[in-house]
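Everything numeric here is computed off the predicted structure, so don't read it as measured data. Worth knowing before you read on, the calculation uses all heavy atoms, side chains too, and leaves out hydrogens, waters and symmetry mates. Just so we're on the same page: letters track the sequence lines, and every chain starts at 1.
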2 protein chains.
Amino acid sequence: MTNAQPDVLTIREMCEAYDVTPRTLRFYEAKELLFPIRQGTRRLFGRRDRARLVLILRGKRFGFSLEDIRQLLDMYHTEGSNQAQLEKTLDLGRARLAQMQAQYAELEHAITDLMRQLTDGEHLLAGKRRANEDNAIRD
Amino acid sequence: MTNAQPDVLTIREMCEAYDVTPRTLRFYEAKELLFPIRQGTRRLFGRRDRARLVLILRGKRFGFSLEDIRQLLDMYHTEGSNQAQLEKTLDLGRARLAQMQAQYAELEHAITDLMRQLTDGEHLLAGKRRANEDNAIRD
DNA sequence: CGTTTCATTTACGTTAACGTCAACTACAGT
DNA sequence: ACTGTAGTTGACGTTAACGTAAATGAAACG
């Protein structure tokens with residue numbers, strides 16, 4: 001069972017698969033968020049890089065900076081790291097988890113809030129519609 | 001019941017209450033996110049502006065841009081707007097609500113994901129600790 | 001009335017996260 | 001050998017969201 005699939009994507013394939021530009025992928029490499037292998041001069045993105053990219057894009061949607069994300073990404077290949085480094089990474093992960101849980105709670109609140117405003121607005125709109133009909137009758 | 005409390009804050013008071021800088025508040029005014037009244041040359045922020053500021057800061061934490069937020073803020077003083085404008089605002093609000101609900105779901109997923117990585121990492125760390133003890137015995 | 005103490009306007013600086021352009025290079029097909 | 005078609009590396013440009021500094025004005029205090 002020698003897992004012989006190539007399983008690497010070119011930069012174009014990555015862009016289409018994850019809806020990003022080449023510039024973005026090169027930028028992420030420069031910032032050490034991704035580590036594509038080189039076949040000659042070209043980049044090839046393996047499964048590890050794709051998993052990382054998913055986490056990057058996800059983190060961005062939650063409002064985290066790339067630097068925030070970069071530090072956290074170590075969480076996903078802790079295998080080779082030493083004890084001290086691992087502890088630091090775990091601390092960082094726990095802190096991030098707390099942030100996300102807080103954000104989760106706040107997001108729930110914001111959602112119910114917005115829903116209330118929406119129904120209020122819809123009632124207001126219904127009122128205006130009736131008013132318009134009344135005017136039409138009088139014309 | 002003539003509600004005679006002044007109920008306005010100076011820029012400093014605002015900064016301390018909401019942990020922002022004066023620059024930020026002036027910037028938000030320039031971008032038409034806030035509309036402080038003027039007493040002579042100075043700004044005074046009333047209840048409406050404070051409510052808006054809360055929503056602004058909240059929106060930012062969820063990764064929305066100030067321009068995104070500005071458009072949505074109309075949701076919270078729909079009283080005077082006309083029918084067409086109100087419909088547009090409501091559409092925008094519904095779209096935003098959908099985004100936030102999606103984000104909510106994704107955030108939940110991300111949280112369980114991160115928790116799993118954390119426990120994995122902690123087990124790994126425990127293993128390294130035991131290995132270290134074994135070494136100590138042999139020394 | 002002079003001097004701190006805030007606040008204001010104007011303007012230029014800064015950082016993050018890319019966009020855009022120019023000038024190569026590597027290879028594939030004809 | 002010529003022509004595309006990706007891909008690459010600089011290098012500079014851009015936008016958002018403020019920071020920072022300078023000059024001015026108003027207000028309160030002794």
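- Remark: C1' of dA17(D) and CZ of Arg70(B) are 15 Å apart, rounded to the nearest angstrom.
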As a quick check of understanding, evaluate side-chain contact (heavy atoms from CB on, under 4.5 Å) for Ile56(B) and Arg70(B), giving each step before the final call. CA-CA 8 Å; Ile56(B) 293 167; Arg70(B) 191 189 61 78; over 6 Å; no

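- Electrostatic pairing of Glu87(A) and Lys128(B) does not count as a salt bridge here, judged by no charged N lying under 4.0 Å from a carboxylate O.
- Atom CG in Leu44(B) sits roughly 17 Å away from atom P in dC6(C) (whole-Å rounding).
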Quick one, Ile111(A) with Leu107(A), criterion side-chain contact (heavy atoms from CB on, under 4.5 Å). Give me CA distance, side-chain angles, the key distance, then yes/no. CA-CA 6 Å; Ile111(A) 285 174; Leu107(A) 188 51; 4.2 Å; yes

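- Taking atom CZ of Arg43(A) as the reference point, atom C1' of dA26(C) lies 14 Å away to the nearest angstrom.
- Cluster membership for Ile11(B) and Val8(B), using ILVMFWY side-chain heavy atoms within less than 4.5 angstrom, is not shared.
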How far apart are the C-alpha atoms of Val54(B) and Tyr18(B), what are their side-chain angles, what is the distance that settles it, and do they pass the side-chain contact (heavy atoms from CB on, under 4.5 Å) test? CA-CA 8 Å; Val54(B) 168; Tyr18(B) 299 96; 3.8 Å; yes

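- We find that Glu29(B) and Arg26(B) are not joined by a salt bridge, their nearest charged nitrogen and carboxylate oxygen being 4.0 Å or further apart.
- A salt bridge links Asp91(B) to Arg94(B): one of the charged nitrogens lies within less than 4.0 Å of a carboxylate oxygen.
- Atom pair Glu67(B):CD and dT14(D):P shows a separation of 20 Å (rounding to whole Å applied).
- Across the protein-nucleic acid pair, Arg12(A) atom CZ and dA26(C) atom P stand 19 Å apart, rounded to whole Å.
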Would you sort out whether Phe45(A) and Leu25(A) count as a side-chain contact (heavy atoms from CB on, under 4.5 Å), showing the intermediate values? CA-CA 10 Å; Phe45(A) 299 82; Leu25(A) 293 177; 4.1 Å; yes

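- For the contact set between residues 15-28 of chain A and DNA chain C, defined by any heavy atom under 4.0 Å, the members are Thr21(A), Arg23(A), Thr24(A), Phe27(A), Tyr28(A).
- As a whole-Å value, the separation of Phe64(B) CZ from dA16(D) P is 17 Å.
- Within a heavy-atom distance below 4.0 Å of DNA chain C, no residue of residues 29-39 of chain A is found.
- A donor-acceptor pair under 3.5 Å links the side-chain atoms of Gln103(B) to the main chain of Phe62(B), judged by distance alone.
- Between the side chain of Glu13(B) and the backbone N or O of Thr10(B), at least one donor-acceptor pair lies under 3.5 Å.
- Arg50(A) has its side chain within reach of Met14(A): a pair of non-hydrogen atoms, C-beta onward, lies under 4.5 Å apart.
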Contacts under 3.5 Å, N or O only, protein and nucleotides 24-29 of chain D:
none

